[in-house]
Amino acid sequence: MKDQTARDSVEIEITGLSKVFGQGAAAFSALSDIDLTIRTGEFFTLLGPSGCGKTTLLRVIAGFEQPSTGSLRINGREVAGKGPNARPVNTVFQNYALFPHMSVADNIGFGLKMLGKPRAEVAATTADMLRLVKMEEMAERKPAQISGGQQQRVALARALAPRPRVLLLDEPLSALDLKLRKEMQGELKRLQAETGITFIFVTHDQEEALTMSDRVAVMSAGRILQLGSPHEIYHAPRERFVADFIGDTNFMELPVARLEKGGAFVTLPGGSETRAELPEGLTPVIGEKVTVVIRPEQVQMAPPDAAEMTGTVESATFFGTDTHVHLRLSDGQGFILRRQNSARTEEPAPGAVMGLKLSPGALRVLRD
Ligand SMILES: Nc1ncnc2c1ncn2[C@@H]1O[C@H](COP(=O)(O)OP(=O)(O)O)[C@@H](O)[C@H]1O
Ligand SMILES: [Mg+2]
């Protein structure tokens, strides 16, 4: 159950947090200047490439690592310096780590038993959890007798059983094949909605982050580059790294023709001027080039006389739902456009000259 008041309250507040491993010449800064507020009941995702510090941040939140500097408050209480048992947090690891000799039910009840809960309570909660993850019929099986996806459900049930306020999930789906992964993505969303527990989910998969999260923090080299809803980070990336990491992207270097409130008019290859959104606080210099980003699905083909710019087709690849067309613009820059195949149309032939129209609001200047 999620009620709106709970959702608006702060669950985790991290300020000025850093983590340095090692000392002296061997010191390595795994996390720098992390400021982060996570709301109660939120599905929050840390997204970034391998090695950017996602697991380290989760381990700091869980209490397996201590921050080098900064504050970490969970549900209003400072927990920096305290161990894992002092916080209402549980973790699901990538390699489920079930006990092989224990049944599914005993695996789920294990944590509660360790906490010294009465036998009747352990049994009742275990039964609830088995129902929650739809594993009632397999309660007596051993981990080796169930599939990978089912093991993942058991690991989730085990982590949810002590009713933590916050569940940390470190790439929990990456060991599953694509079809199972999709299924488990839906299951995770359902579990989170049904329990109302705050989920902090780690992935390097941008699609997973976009489809599952309330908000996403994009990380690179130990820092959070941008934090926002999936829409914000996809449609309004502030930096090149974010634009590049999330989805296919065209980058163009274009001169600024003039400025207006919140936007800049840039000159497209071929000479026409069009408006590009500006990130807050950036004022480019007229006549100088800026980096502009445009998503391949925000460009449409048009007859050359009705177009804002033209390109020559280099190749076209059919993907079923859409076709990716690689073009060379009149000034020599490469450009990719994605055509939705809503009708059964011929693929554009290499060498053909194609007019291009941009969706309104499609161009954005990057901070770079
Ligand atoms: N205990 C440790 N000692 C030294 N370096 C570490 C330690 N743990 C992680 N690192 C380094 O910190 C960086 C971030 O690692 P990690 O948080 O595991 O990244 P991610 O989960 O995003 O792939 C990596 O360069 C890794 O080698
Ligand atoms: Mg990791």
Side-chain angles (χ1 to χ4, degrees), residues 10-39 42 44-87 89-95 166-172 174 198-206 208-209 213 215-228 230 232-233 236-246 249 251 279-282 291 366-368:
V10 170
E11 189 65 35
I12 293 187
E13 194 175 11
I14 295 172
T15 38
L17 189 140
S18 69
K19 176 69 187 177
V20 179
F21 288 113
Q23 282 176 342
F28 176 79
S29 210
L31 296 172
S32 313
D33 295 326
I34 303 285
D35 290 312
L36 189 58
T37 301
I38 298 172
R39 299 183 200 117
E42 190 167 35
F44 191 92
T45 297
L46 300 172
L47 170 68
S50 176
C52 73
K54 305 180 298 294
T55 294
T56 303
L57 185 51
L58 270 201
R59 289 175 58 80
V60 167
I61 295 171
F64 299 126
E65 300 282 356
Q66 294 303 331
S68 306
T69 65
S71 149
L72 166 62
R73 298 173 80 82
I74 302 181
N75 195 25
R77 231 163 51 88
E78 180 62 53
V79 293
K82 296 200 165 69
N85 296 332
R87 30 191 111 187
V89 169
N90 222 345
T91 309
V92 179
F93 298 100
Q94 184 173 341
N95 56 347
V166 180
L167 190 67
L168 308 177
L169 302 113
D170 195 355
E171 312 222 18
S174 60
T198 306
F199 275 30
I200 307 180
F201 181 82
V202 162
T203 182
H204 62 267
D205 180 323
Q206 47 106 4
E208 206 161 87
S213 320
R215 288 192 305 153
V216 179
V218 182
M219 293 181 68
S220 169
R223 289 172 193 277
I224 293 175
L225 297 186
Q226 191 167 349
L227 196 164
E232 284 162 353
I233 59 160
R238 280 201 303 256
E239 294 180 47
R240 193 179 182 111
F241 181 91
V242 176
D244 212 12
F245 193 71
I246 296 164
T249 311
F251 296 106
E280 215 172 293
L282 184 78
T291 303
L366 287 182
R367 207 172 280 280
D368 232 19

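This structure is a prediction, so every number in the text was calculated from the model and none was measured. For the single chain, residues carry numbers from 1 onward in sequence order.
- At least one donor-acceptor pair closer than 3.5 Å links the side chain of Arg87 to the backbone N or O of Val79.
- The minimum heavy-atom distance linking Cys52 with Lys54 is given by the pair SG-CG, 3.4 Å.
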Before giving the answer on side chain to side chain contact (heavy atoms under 4.5 Å, CB included), spell out for Phe44 and Leu227 the whole-Å C-alpha distance, their side-chain angles and the decisive distance to 0.1 Å. CA-CA 10 Å; Phe44 191 92; Leu227 196 164; 4.1 Å; yes
Derivation of the side chain to side chain contact (heavy atoms under 4.5 Å, CB included) call for Ile61 and Ile200: CA-CA 10 Å; Ile61 295 171; Ile200 307 180; 4.1 Å; yes
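- Across all non-hydrogen atoms, the minimal contact from Val60 to Pro67 is CG1-CD, 4.0 Å.
- Checked by atom type, the side-chain pair Ser68/Ser18 shows no donor-acceptor distance below 3.5 Å.
- Counting only heavy atoms from C-beta outward, the side chains of Leu57 and Met219 approach each other to under 4.5 Å.
- Between atom CG of residue Leu282 and atom CZ of residue Arg238 there is a gap of 12.0 Å, rounded to the nearest 0.5 Å.
- Separating the OG1 atom in Thr55 from the CD atom in Glu171 is a distance of 6.5 Å, to the nearest 0.5 Å.
- Closest of all the heavy-atom pairs between Phe201 and Glu208 is CZ-OE1, 3.3 Å.
- Note that CD of Gln66 is 7.5 Å distant from NZ of Lys19, once rounded to the nearest 0.5 Å.
- Contact record, Ile34 with Gly222: CD1-O, 3.6 Å, taken as the closest heavy-atom pair.
- Taken from CZ in Phe241 to CG in Leu225, the straight-line distance is 6.0 Å, to the nearest 0.5 Å.
- The closest donor-acceptor contact from the side chain of Glu78 to the backbone of Leu72 lies under 3.5 Å.
- Paired with Leu47 under the rule side chain to side chain contact (heavy atoms under 4.5 Å, CB included), one option of Val242, Asp205, Thr203 passes, and it is Thr203.
- When every heavy atom of Pro49 is checked against every heavy atom of Phe245, the shortest pair comes out as N-CZ, 3.6 Å.
- Here the straight-line distance linking atom CD of Glu11 with atom CD1 of Ile38 works out to 9.0 Å at 0.5 Å rounding.
- Closest heavy-atom contact between Thr45 and Ala209: CG2-CB, 3.9 Å.
- Rounded to the nearest 0.5 angstrom, Leu366 CG and Thr249 OG1 are separated by 9.0 Å.
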